[in-house]
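Note sheet for the following structure.
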Amino acid sequence: MSDLMSQRPTRIVVDLDVLGGNLRAIRAHVGVPVMAIVKANAYGHGLVPVAHHLQAQGVEQLGVAFVEEGMALRRAGITVPILVLGGILGRQVAQLIQHDLEITVSSLDKLRKVEAAAERLGRKAVIHLKIDTGMERIGVHSYSCAPMIEAAVASQWCEIKGVYSHLACADDPASKMTAQQLERFLDACAHFERIGAPMPIRHLANSGGVLHYPETWLDMVRPGIMLYGVLPDPAAHRTVDVKPALSLISQVVYFKTVPAGHPVGYGATWAPERDTHIVTVPIGYGDGYPRALSNCGEVLIRGRRRPIVGRLCMDQFMVDLGPDGSAYVEDDVVLIGTQDGETISVEDVARRAGTIGYEILTRLNERVPREYRSR
Ligand SMILES: *Cc1c(COP(=O)(O)O)cnc(C)c1O
């Protein structure tokens with residue numbers, strides 16, 4: 001990838017020191033071990049470089065969504081424990097065990113599949129039992145989890161390392177749902193005590209839980225988006241001092257004067273009222289920058305916020321500098337990040353595009369080269 005793209009003026013810059021600082025801030029806040037969530041290419045920040053840095057910072061555990069993400073980390077030499085959070089199919093179990101990946105067991109049937117594969121390989125599987133406490137995604141309902149827990153405890157081929165659930169509404173500091181989910185989860189965990197089995201690591205808190213609900217921290221937390229310095233929701237409170245680690249930067253590739261009334265871009269959706277200066281920026285929706293920013297996004301050029309005009313194309317878009325605005329070809333254009341004291345955050349971009357920060361970050365694709373900075 002890099003040879004082809006190395007001259008590309010558009011790039012993602014990830015500040016690894018900021019990422020490490022965020023991990024430390026979260027740790028200091030919660031006082032329990034952290035499972036850093038690095039699914040979806042580490043929320044667009046780059047799976048392997050981010051995992052290497054977190055491992056070097058002593059992170060206790062990593063979490064990914066899919067088997068393939070876990071395998072990529074193992075191939076890259078990551079040795080810390082990795083939990084695959086997603087639901088699994090029978091055919092994936094052998095791969096999970098062979099790559100030393102911890103498995104989410106979300107039903108009695110899946111437990112049986114894991115046991116069978118472990119026995120065939122002659123190697124114990126490390127599992128986390130998944131309890132559904134209100135998300136209705138994967139996991140055994142808390143009110144009917146006893147048989148799965150008992151079977152897992154009795155299993156010769158499974159080592160129960162964790163038990164967990166996922167919060168549906170913790171982004172909202174005022175949600176009533178979180179307390180109810182916590183109660184259901186603790187009730188499910190109590191079953192280990194009832195049958196005299198050792199308590200596994202109990203983990204429940206995503207970023208929302210870490211930010212707003214201390215009682216959900218339990219034995220480990222699973223922050224994703226806040227690790228990257230982005231809040232999970234506009235209503236969330238920044239109770240932990242995390243900072244954005246990612247910038248998205250391009251350069252002016254073309255400058256022109258457009259006469260009054262001459263429309264700009266596909267569909268001719270916008271035209272200047274008087275002669276104006278327009279620059280073209282070489283990044284588009286083919287890179288994962290949202291087309292929804294057509295006629296409503298903003299970028300920073302020479303420290304000023306400037307509007308995206310016309311429809312955003314696959315590979316480029318146009319920006320209006322106004323009749324008096326100037327810029328030169330090769331001037332930096334900041335799409336996410338800070339320039340001369342002005343900032344455009346992931347949250348700003350998400351709001352303008354009508355989506356959430358998660359989607360803005362994870363859509364930034366492999367076409368955009370990533371650069372890593374640290375002192
Ligand atoms: C994605 C995910 C997380 C992290 O969520 P954030 O909101 O990004 O903190 C934690 N746990 C599970 C099970 C997840 O799927």
Side-chain angles (χ1 to χ4, degrees), residues 19 22-23 25-27 29-30 32-45 47 50-51 54 59-67 69-70 81-88 101-106 127-140 142 161-173 175 177-178 181-182 185 201-214 216-240 242 244-246 346-347 350 355-363:
L19 195 67
N22 291 346
L23 176 65
I26 294 168
R27 269 226 198 90
H29 186 69
V30 299
V32 295
V34 174
M35 179 190 304
I37 305 301
V38 294
K39 61 191 177 186
N41 202 23
Y43 292 61
H45 293 61
L47 176 65
V50 164
L54 294 171
V59 75
E60 286 83 1
Q61 168 108 34
L62 296 173
V64 295
F66 301 141
V67 187
E69 294 172 328
I82 299 170
L83 172 62
V84 175
L85 298 160
I88 50 158
L101 300 170
E102 297 174 3
I103 305 172
T104 293
V105 166
S106 52
I127 63 170
H128 294 240
L129 298 178
K130 182 77 189 275
I131 312 295
D132 195 309
T133 57
M135 181 81 176
E136 302 296 356
R137 193 167 63 176
I138 64 168
V140 176
S142 49
K161 178 173 170 182
V163 56
Y164 78 106
S165 187
H166 192 56
L167 297 173
C169 302
D171 298 356
D172 172 2
S175 126
M177 178 106 175
T178 303
Q181 286 197 269
L182 175 65
F185 182 59
I201 298 171
R202 300 164 304 161
H203 49 99
L204 180 61
N206 52 7
S207 293
V210 170
L211 290 166
H212 308 130
Y213 298 95
T216 65
W217 298 345
L218 303 173
D219 307 323
M220 186 181 259
V221 294
R222 302 192 309 269
I225 197 137
M226 71 178 296
L227 189 63
Y228 307 94
V230 175
L231 293 183
D233 188 87
H237 297 159
R238 200 176 288 271
T239 57
V240 187
V242 290
L246 176 145
V346 171
E347 291 89 336
T355 182
I356 54 176
Y358 296 82
E359 191 180 5
I360 298 298
L361 288 172
T362 57
R363 273 168 54 155

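Counting starts at 1 for both ligands and their atoms, following the listed order. Just so it is clear, the values below take in all heavy atoms, side chains as well, and ignore hydrogens, waters and symmetry mates. Along the sequence shown, residues carry numbers from 1.
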Side-chain contact test, heavy atoms from C-beta onward, threshold under 4.5 Å: evaluate it for [X] versus [Y] and give yes or no.
X: Val64; Y: Leu101; answer: no
X: Val346; Y: Tyr228; answer: no
X: Leu211; Y: Val240; answer: yes
X: Ile37; Y: Tyr43; answer: yes

What residues come within 4.0 Å of ligand 1, counting heavy atoms only? Ile37, Lys39, Tyr43, Leu85, Arg137, His166, Asn206, Ser207, Arg222, Pro223, Gly224, Ile225, Tyr358
Is the ring pair His128/Tyr164 parallel, tilted or perpendicular, if the boundaries are 30 and 60 degrees? perpendicular
Qualifying residues under salt bridge (charged side-chain N to carboxylate O under 4.0 Å, His left out), relative to Glu102, sequence neighbours excluded: Lys161
